[in-house]
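Before any comments, here is the structure.
Letters A, B, ... mirror the listed sequences (proteins, then strands); counts begin at 1. What you see below is based on every heavy atom in this structure, not just the backbone, and it leaves out hydrogens, waters and symmetry mates.
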Amino acid sequence: MLDPKWIRENPDVIAEAGRLKRISVDMPAYLALDKKHRQILTEVESSRAYLKAESKKLGKLSPEDRELALGDQKERKLVLQKLEAEEQLLRKELHLLAMKLPMPPAPEVPEGKDDTQNIELACVGTPPVFSFTPKTHIQIGEELDLLDIPRGVKLAGSRNYLLKGELALLEQAILRMAVDHMVKRGFELVSVPMLVNRECMEGTGYFPGGEEQAYLAERDDLSLIGTSEVPLTSIHAGEKLDEANLPIRRIALSPCFRREAGTYGKDTKGLYRVHQFWKVEQVVIGPHDLEWSLQEHRAILANATDFLDLLELPYRVVNVCGGDLGQGQVQKFDIETWMPSRNSYGETHSASRFHDFQARRLNLRYKPSSGGKPLYCHTLNNTVIASPRVLIALLENNQNEDGTVRIPSALQPFFGAKTLGKNIRA
RNA sequence: GGAGAGGUGGCAGAGUGGCCGAAUGCACUGGUUUUGAAAACCAGCGUCCUGCGAGGGACCCAGGGUUCGAAUCCCUGCCUCUCCGCCA
């Protein structure tokens with residue numbers, strides 16, 4: 001959500017934002033509606049002021065005099081009611097339009113229409129060269145009897161899977177390692193609801209627009225989260241925080257649910273695009289300060305790349321171009337990890353900064369220590385790790401010729417062994 | 001799931017149709033007094049929208065309704081508490 005006053009004064013900036021982000025924006029329509037709404041609002045308010053003042057006088061009149069004055073009041077009330085209905089309708093329309101306006105991207109965001117035009121910022125590690133024909137994660141998992149996709153599909157449809165035994169344990173090990181990694185860096189682990197209300201989905205920018213991507217529990221008007229960014233960012237919605245308590249840095253470990261509507265035929269094989277996965281997500285809520293926000297964006301990016309370094313995986317970081325940015329994002333860095341079976345880097349992390357976009361929708365503010373009006377917070381988030389997607393990289397990059405998988409040393413204490421698959425083969 | 005009670009300003013808490021944007025206490029801010037502090041006393045003290053301003057409007061959980069007029073009456077929803085039942 002953008003500041004209504006600012007919208008009025010900067011329609012061109014928003015139109016340009018729409019162009020850069022490939023989001024259709026009709027600023028003339030918005031401005032016309034806004035103007036009309038404010039006109040009616042003024043009428044409603046002055047009419048209401050008159051009626052209110054007259055009513056007060058009525059209260060002091062004798063019963064006989066009152067009867068005489070009532071007729072006029074009733075008539076005016078009818079007129080007001082019509083105006084009020086009109087005003088309410090306009091307000092709703094306007095709000096809906098405002099909810100869909102794009103946040104302008106930062107100047108350092110490259111122009112481009114989709115992910116092929118993202119700019120590589122860094123490339124770390126070297127994709128492995130195999131002296132044998134490498135297997136895909138599916139082959140590795142199935143041959144070790146640790147992965148069962150057909151039965152996952154039997155239970156819940158396409159894009160479902162079963163991880164078994166050591167592979168399921170490996171998943172837990174990575175998630176726990178990620179949690180520890182972040183707790184060491186001062187992030188507070190929060191266990192959050194996975195089923196949230198509409199306010200959370202709208203507040204973080206997923207609704208309206210993203211309803212198709214979410215599993216809805218319609219009877220209770222709740223949605224399954226696609227990421228714990230939603231509950232984590234919404235925790236202090238409607239509150240006025242103390243500046244002294246900022247920034248708030250938190251992580252959550254949660255399952256994530258995505259319908260993946262409109263991706264039929266895309267990434268249908270294996271564990272890359274699935275309906276349900278685990279993710280450790282980092283969310284930071286801070287002051288309304290651009291410099292701070294920029295720094296923090298780099299910091300949460302580093303939290304993730306440092307973790308990939310510990311996992312000894314090759315990856316690259318890209319500066320996401322305008323056309324690949326979401327409505328609310330000001331800038332986004334994606335981390336893509338090398339996946340031999342794809343013969344390319346695949347997106348595993350996404351670090352976004354929002355300025356006050358989410359904070360406005362959530363009505364999330366703080367009292368500045370220096371006094372003065374409450375300000376909207378800035379919010380940011382990034383993945384720490386998402387599984388099973390990271391397992392693709394881990395299994396494929398570290399596979400041995402005999403079909404077992406080497407476990408990176410930092411992960412060994414969490415997994416409890418140096419190799420995956422050994423115990424089964426022995 | 002059944003029965004009951006309730007949601008008012010930072011907190012506590014009064015307020016059953018006009019004199020209520022809301023008593024009172026606590027907290028907070030400024031002042032007087034004091035070597036300093038405490039106490040006492042005096043004064044101030046909600047948020048948001050709109051307007052250059054004077055001002056106007058909205059808000060007593062939320063949404064509807066009754067009424068010339070609603071914190072107050074009616075309906076619906078949400079939330080909290082107590083008792084009973086059930087349960088990982």
Side-chain angles (χ1 to χ4, degrees), chain A residues 1-9 30-99 101 191-203 207-208 216-223 231 234-246 254-255 288 356 359-377:
Chain A
M1 182 101 78
L2 309 170
D3 183 355
K5 232 183 262 177
W6 186 86
I7 297 175
R8 251 168 251 145
E9 287 157 13
Y30 176 88
L31 292 176
L33 194 64
D34 178 51
K35 194 172 169 190
K36 197 170 161 197
H37 171 252
R38 281 188 300 155
Q39 239 166 31
I40 300 254
L41 187 64
T42 315
E43 278 181 58
V44 165
E45 291 191 349
S46 61
S47 168
R48 195 139 53 193
Y50 176 83
L51 275 170
K52 229 174 142 171
E54 288 302 301
S55 285
K56 273 211 165 135
K57 284 188 211 159
L58 276 184
K60 286 169 186 149
L61 291 179
S62 63
E64 306 84 61
D65 293 339
R66 191 178 296 168
E67 281 311 311
L68 287 171
L70 278 182
D72 184 50
Q73 282 289 88
K74 277 189 181 171
E75 241 171 78
R76 284 173 184 270
K77 182 66 190 286
L78 280 179
V79 175
L80 175 62
Q81 271 173 340
K82 263 187 208 150
L83 275 176
E84 279 176 333
E86 200 177 339
E87 187 272 332
Q88 194 178 41
L89 203 72
L90 286 173
R91 177 153 37 95
K92 277 187 184 155
E93 265 179 71
L94 192 65
H95 180 73
L96 199 66
L97 282 186
M99 288 284 275
L101 293 179
S191 175
V192 295
M194 286 158 250
L195 216 41
V196 300
N197 61 27
R198 176 160 284 276
E199 282 72 48
C200 297
M201 295 303 284
E202 288 186 354
F207 290 0
L216 303 177
E218 278 165 315
R219 178 149 55 149
D220 298 293
D221 200 23
L222 296 170
S223 308
S234 303
I235 290 174
H236 296 289
E239 297 182 24
K240 250 180 272 173
L241 304 171
D242 251 328
E243 184 169 16
N245 296 332
L246 300 179
S254 82
H288 193 99
D356 58 1
R360 277 182 188 280
R361 291 172 160 243
L362 290 164
N363 192 21
L364 167 56
R365 296 175 298 169
Y366 68 97
K367 276 258 185 222
S369 318
S370 54
K373 285 198 159 196
L375 298 172
Y376 287 105
C377 295

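Counting any heavy atom pair closer than 4.0 Å across all strands shown, A/Lys74 reaches sugar-phosphate atoms only and no base atom.
Nucleotides B/A14 and B/U72 have their C1' atoms positioned 13 Å apart, rounded to a whole Å. Separation of the P atoms belonging to B/C61 and B/A70 is 15 Å when rounded to the nearest angstrom. Taking the P atoms as reference points, B/U29 lies 45 Å from B/G77, given to the whole Å. Atom C1' of B/A12 sits at a distance of 38 Å from the matching atom of B/G51, rounded to the whole Å. On the C1' atoms, B/G56 is 15 Å away from B/C52, given to the nearest whole Å. A distance of about 43 Å separates the P atoms of B/U67 and B/C83, rounded to the whole Å. Across the C1' atoms, B/G30 and B/U82 are found 45 Å apart, a figure rounded to whole Å.
With contacts defined as side-chain heavy-atom distances shorter than 4.5 Å, the pair A/Val196/A/Ser234 does not qualify. For the pair A/Lys367 and A/Glu243, the minimum side-chain heavy-atom distance is 4.5 Å or more.
B/U29 is paired with B/A43 under the criterion used here, namely a Watson-Crick or G-U wobble arrangement in which both key atom distances are under 3.5 Å. Across the strands present, B/G6 finds its partner in B/C79; the criterion is a Watson-Crick or G-U wobble pair with both atom distances under 3.5 angstrom.
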List the atom pairs, donor and acceptor, that lie under 3.5 Å between side-chain atoms in residues 30-45 of chain A and the rest of the protein, sequence neighbours left out.
residue	atom	partner	partner atom	Å
A/Asp34	OD2	A/Arg8	NE	2.7
A/His37	NE2	A/Glu87	OE2	2.9
A/Thr42	OG1	A/Arg38	O	2.7

Worksheet entry | Test side-chain contact (heavy atoms from CB on, under 4.5 Å) applied to A/Leu364 and A/Ile235, step by step | CA-CA 9 Å; A/Leu364 167 56; A/Ile235 290 174; over 6 Å; no
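A/Tyr376 places no side-chain N or O within donor-acceptor distance of the main-chain N or O of A/Arg361, the cut-off being under 3.5 Å. Side chain of A/Arg360 to main chain of A/Leu2: no donor-acceptor pair is present (N/O by atom type, distance under 3.5 Å, no hydrogens or angles). Not a single donor-acceptor pair under 3.5 Å links the side chain of A/Asp242 to the backbone N or O of A/Ala244.
Near-neighbour residues of RNA chain B inside residues 78-94 of chain A, defined by a heavy atom below 4.0 Å, number-ordered: A/Gln88. For the contact set between residues 41-51 of chain A and RNA chain B, defined by any heavy atom under 4.0 Å, the members are A/Glu45, A/Arg48, A/Ala49.
A 4.0 Å heavy-atom criterion places the boundary nucleotides of RNA chain B facing chain A at B/G18 to B/G69, written 5' to 3'.
Evaluation of the side chain to side chain donor-acceptor pair (under 3.5 Å) rule for A/Glu93 yields no partner, not counting sequence neighbours. Every side chain to side chain donor-acceptor pair (under 3.5 Å) that A/Glu239 has, sequence neighbours left out, goes to A/His236.
Taking the nucleotide of RNA chain B with the nearest heavy atom to each of A/Arg365 and A/Arg38, the more 5' of the two is matched to A/Arg365. Between A/Lys52 and A/Pro374, the residue anchored nearer the 5' end of RNA chain B, judged by the nucleotide with its closest heavy atom, is A/Pro374.
In terms of heavy-atom proximity, A/Arg198 sits nearest to A/Phe207 at NH1-CD2, 3.9 Å.
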